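See structure below.
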Amino acid sequence: MSQRSLEFLFTCSLLLVACGDDGGVATGSASGTGVTSASGTVTATTTATATATATAGTETTSGNSGTESTGTDPTTGDPTTGTTAPVDTTGPDTTGTASNTSTTSLDTTTTTTGDDTTTTSTSLATTDGTTGECAAVSETATNKKQPADIIFAIDNSGSMDMEIASVQANMNQFSAKIINSGIDVRVIVISDNSICVGAPLGSGNCPADSKPPTYTRINQGVGSNNALQLILDTYPQYKDLLRPDAATHLVVVTDDDSNLGAGAFDTQFKALEAGMADYKMHAICGAKGPSDILWCIQNAVCCAFTADAGDVYLDLIADTGGKWGDLCLQNFTPVFDELSTQVIEAATLACEWTIPEPMGEPIDFDKVNVEFDDGTPETFGKVPSPAECADVSDGWYYDDEQNPTKIVVCPQTCAKIQGVPDAKINIEFGCETIIAQ
């Protein structure tokens, strides 16, 4: 057979297999694989498979070989060319109700290797007319770093001029180290206009140096003893910048102590919102003060810098596992380096996910479910808002109930996920949403 005949036969065979006819079987498959490398490795694999079967009539037809044939269509008189399978008409007649079964599957796997690794799997399955279709998006729990919200309260009293200059000089290097690690950071500074943070973190256009959401300054003077109280009092001004799944870090820079006790602050701060219960307190302050006369005699220069020992801050640091920076050093670069390192090392799994578009179809937000898979899949129920998280063992909610863009799990569920490093979260579409009990 000539090369042209073989090509013609192959083309026609593909057309017949792809189209099929009544009483026949049609199958088709497509697959593609791509690899891209840029500061890491990205691998994408997509597989689509479609199968359709229809059975009707009174006769069973089977065949397992084919021959090339040319003839005339008995109904139209047009010539036909293609491959036909031998027909076995010796089997028993069958009668019954016509049935149709269709199965469609789509699998997408994306893997990124670099400083962070993200694995995403998408599948769409249609089983029959009674179950509908559900698409699932899975994300490996260990492959996404938790964002960080860092709140600074900086003492602006007259004795703090040198310290303020050092903080200002280190702020960009501090934030850049965290950002370069792959952590989505937001820095909030409570201070008056004595602080001005330049680009790239701030705008540098003081006093309007804020550049939200990455950097926001709350224009509020901070005295020698009220830093903790102002963190509580200014909460309404920065609460919309905080994220439920973010790690919360507090940093106080002062040469004095706090009028508000450690226990009282801890209780009140945790009560502001559930996501901040695991906050860490850090401080640049004095470990000793003028009341320690012997220490002052031995450390006259440092004693001159220190109005009082920051005992309340030291207690909070011990309770929350934070970092202490020695005010006496007056060079805060090592302190900021250590602080940024802890922020990076403490980052775990992010507990929110952007809602993907399954197959490009509109989403019915009443038919979305979240499944936790640590080897034994478990479906978390939905709560109307973060306020109801305290009433359920596990749950999730939309970032905006009216116009959802993200799925966020409750704080206790976030802690559960982070405790299982190999777990996955599957976001499922097309099935009636399960409500948390």
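Just so you know, these numbers come straight off a predicted model, no measurement behind them.
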Item checked: Neighbour count >12 (heavy atoms, 6.0 Å) for atom CG, Asp278 -> no
Under a 4.5 Å cut-off applied to non-hydrogen side-chain atoms, are [X] and [Y] in contact?
| X | Y | answer |
| --- | --- | --- |
| Asp319 | Asp266 | no |
| Asn172 | Pro200 | yes |
| Phe265 | Ile231 | yes |
| Val253 | Met160 | yes |
| Gln173 | Asp337 | yes |
| Leu242 | Ile151 | yes |
| Asp233 | Gln220 | no |
| Val251 | Ile150 | yes |

[X] to [Y] - nearest heavy-atom pair and separation:
| X | Y | answer |
| --- | --- | --- |
| Ile190 | Leu230 | CD1-O, 4.2 Å |
| Val383 | Ala436 | CG1-CB, 3.8 Å |
| Ser210 | Pro212 | C-CD, 3.6 Å |
| Ile435 | Gln437 | O-NE2, 3.3 Å |
| Val368 | Ile407 | CG1-CD1, 3.8 Å |

Not counting sequence neighbours, which residues clear ring-ring contact (aromatic ring centres under 6.0 Å, His included) with [X]? List them please.
| X | result |
| --- | --- |
| Tyr397 | none |
| Tyr398 | Phe365, Trp396 |
| Phe174 | Phe152, Phe336 |

Quick one: [atom1] on [X] to [atom2] on [Y], what's the gap to the nearest 0.5 Å?
| X | Y | atom1 | atom2 | answer |
| --- | --- | --- | --- | --- |
| Ile178 | Asn180 | CD1 | CG | 10.0 Å |
| Ile195 | Ile154 | CD1 | CD1 | 4.0 Å |
| Thr254 | Asn156 | OG1 | CG | 10.0 Å |
| Ser340 | Ile183 | OG | CD1 | 9.5 Å |
| Ser194 | Asp155 | OG | CG | 9.5 Å |

Looking only at atom types and distance, does a side-chain atom of [X] sit under 3.5 Å from a main-chain N or O of [Y], one as donor and one as acceptor?
| X | Y | value |
| --- | --- | --- |
| Asp399 | Pro404 | no |
| Ser157 | Ser224 | no |
| Ser203 | Ala208 | yes |
| Thr413 | Gly395 | yes |
| Lys280 | Thr320 | yes |

Listed by chain and number, what are the salt bridge (Lys or Arg N to Asp or Glu O under 4.0 Å) partners of [X], not counting sequence neighbours?
| X | value |
| --- | --- |
| Lys211 | none |
| Glu338 | Lys323 |
| Lys239 | none |

Qualifying salt bridge (charged side-chain N to carboxylate O under 4.0 Å, His left out) pairs with a residue from [range], counting only residues at least two apart or across chains:
| range | result |
| --- | --- |
| residues 163-182 | none |
| residues 193-210 | Asp209-Arg217 |
| residues 248-262 | none |
| residues 183-194 | Asp184-Arg243 |

Next item on the list: Check the pair Thr214 / Val187 against side chain to side chain contact (heavy atoms under 4.5 Å, CB included), numbers first and verdict last.
Entry: CA-CA 6 Å; Thr214 306; Val187 177; 5.8 Å; no
Margin query: Ring-plane angle category for Phe372 and Phe380, please: parallel below 30°, perpendicular beyond 60°, tilted otherwise.
Written below: parallel
Notebook entry, point to check: Parallel, tilted or perpendicular: which fits the ring planes of His249 and His282, with parallel below 30° and perpendicular above 60°?
Noted result: parallel
In a table with atom names and distances, give each donor-acceptor pair under 3.5 Å that connects a side chain of residues 289-316 to protein atoms at least two apart or in another chain.
| residue | atom | partner | partner atom | Å |
| --- | --- | --- | --- | --- |
| Asp292 | OD1 | Trp295 | N | 3.1 |
| Asn299 | ND2 | Trp295 | O | 3.1 |
| Thr306 | OG1 | Cys302 | O | 3.0 |

Margin query: Less than 4.0 angstrom from a charged side-chain N to a carboxylate O is my criterion; do Glu378 and Lys416 meet it?
Written below: yes
Next item on the list: Kindly determine whether Ile218 and Val189 satisfy side chain to side chain contact (heavy atoms under 4.5 Å, CB included), including the steps that lead there.
Entry: CA-CA 6 Å; Ile218 307 298; Val189 172; over 6 Å; no
Notebook entry, point to check: Just by distance, with hydrogens left out, do Asn369 and Glu428 show a side-chain donor and acceptor under 3.5 Å apart?
Noted result: no
Note to self: Under a 3.5 Å cutoff, is there a donor and acceptor pairing between the side chains of Ser258 and Asn225?
What the structure shows: no
Next item on the list: Could you walk me through whether Gln412 and Cys389 pass side chain to side chain contact (heavy atoms under 4.5 Å, CB included), step by step?
Entry: CA-CA 8 Å; Gln412 67 272 30; Cys389 282; 4.2 Å; yes
Next item on the list: Evaluate side chain to side chain contact (heavy atoms under 4.5 Å, CB included) for Ile427 paired with Glu371, printing each intermediate quantity in order.
Entry: CA-CA 6 Å; Ile427 304 173; Glu371 179 189 73; over 6 Å; no
Notebook entry, point to check: Got a sec, which pairs hit disulfide bond (SG atoms under 2.5 Å apart) with one end in residues 147-221, sequence neighbours left out?
Noted result: Cys196-Cys206
Notebook entry, point to check: So Asp149 and Thr248, side-chain hydrogen bond (donor to acceptor under 3.5 Å, both in side chains) or not? Walk me through it.
Noted result: CA-CA 5 Å; Asp149 294 336; Thr248 304; 5.1 Å; no
